[in-house]
Amino acid sequence: MELRELRDELEVEYAKLCVQLYGMKAQPGGGAGSRFFGLVVEGKICAVVWLQKPGIFRPIFEKFGLDQSNSYFIRRVASCCPGDHAVKLLELLAERMRAEGKELLVTLGLPDHSNALYRKAGFDEIGRSPRTGHPVFVRKLR
């Protein structure tokens, strides 16, 4: 089991297809400042995560006084094969981002949902999004 940054065009397209299964259209190229990572299990990408620089999520960072300059926003996490791989993906991602010197991983949870994925992966709920009211989760890396 390993975390791998997806840079190959076919792997990125595969990650975007996984994201689309959850009803979210991935922008061409993934959007400015995007990175895709996959959890590879027995040679297969079994979970993916789409990271973006804060950009359009700036109001969330500002509301909670979060460092935008050295953090990523998790746009989407998706499983691509049977099994519960998303928690391990987020744990390994946190280790990787910490090694890169990043401060935070920030994401939105789903309203009226347990959001157990983020809690199990060591994220803390810090409040609600100013625009949508979705719960905001943060994983401190330092």
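Since the structure is predicted, the reported quantities are computational estimates derived from the model, not experimental observations.
Looking at heavy atoms from C-beta onward, Q68 lies out of side-chain contact with L66 at the 4.5 angstrom threshold. Contact of the L6 side chain with the F37 side chain is not registered, since no non-hydrogen atoms from C-beta on lie closer than 4.5 Å. Residues K102 and R142 have side chains not in contact (no heavy-atom distance under 4.5 Å, counting atoms from C-beta outward). P54 has its side chain within reach of F61: a pair of non-hydrogen atoms, C-beta onward, lies under 4.5 Å apart. A heavy-atom distance below 4.5 Å is not found between the side chains of L105 and S71. Side chains of L51 and V49 form a contact here, defined as non-hydrogen atoms less than 4.5 Å apart. Using a 4.5 Å cut-off on side-chain heavy atoms (C-beta onward), I45 and R4 make contact. Taking 4.5 Å as the limit, every side-chain heavy atom of V40 sits out of range of all side-chain heavy atoms of C46.
Within the 3.5 Å criterion, the main-chain N or O of E103 finds no donor-acceptor partner in the side chain of D67. Not a single donor-acceptor pair under 3.5 Å links the side chain of K44 to the backbone N or O of L39. With hydrogens and angles disregarded, no donor-acceptor distance shorter than 3.5 Å links the side chain of S79 to the backbone of C81. Side-chain N or O atoms of R75 include none that pairs as donor or acceptor with a backbone N or O of Q52 at under 3.5 Å. Using modelled atom types, no side-chain atom of H134 and backbone atom of R131 make a donor-acceptor pair closer than 3.5 Å. Looking at D124, its side chain never comes within 3.5 Å of a backbone N or O of R139 through a donor-acceptor pair.
L104 and I56 fall within the same hydrophobic cluster, defined by Ile, Leu, Val, Met, Phe, Trp and Tyr side-chain heavy atoms under 4.5 Å apart, directly or through other members. Under the 4.5 Å side-chain contact rule for hydrophobic residues, M97 and M1 share a cluster.
Across G101 and N70, no two heavy atoms sit closer than the pair O-ND2, 2.7 Å. I60 and P130 make their closest contact through CG1-CD, 4.0 Å (heavy atoms, listed as atom of the first residue, atom of the second, distance). Pairing each heavy atom of V77 with each of A86, the nearest pair is CG1-CB, 3.9 Å.
The neighbour count for E9 CD, taken as heavy atoms of other residues, nucleotides or ligands under 6.0 Å away, does not exceed 12. Within a 6.0 Å sphere centred on NZ of K63, heavy atoms belonging to other residues, nucleotides or ligands number more than 12. No more than 12 heavy atoms of other residues, nucleotides or ligands lie within 6.0 Å of CD in E42, so this atom counts as exposed by the packing criterion.
The side-chain tip of R76 does not point at the ring of W50 from less than 6.0 angstrom away and within 45° of straight on.
A salt bridge does not link R7 to E11: none of the charged side-chain nitrogens sits closer than 4.0 Å to a carboxylate oxygen. With respect to E5 and R35, a salt bridge is recorded, a charged nitrogen being found less than 4.0 Å from a carboxylate O. Comment: R98 does not engage E95 in a salt bridge, judged by the lack of any side-chain N to carboxylate O separation of less than 4.0 angstrom.
Less than 6.0 angstrom separates the ring centroid of F137 from the ring centroid of Y118.
Among I74, L117, L90, V138, the one residue that satisfies the side-chain contact (heavy atoms from CB on, under 4.5 Å) test with T107 is I74.
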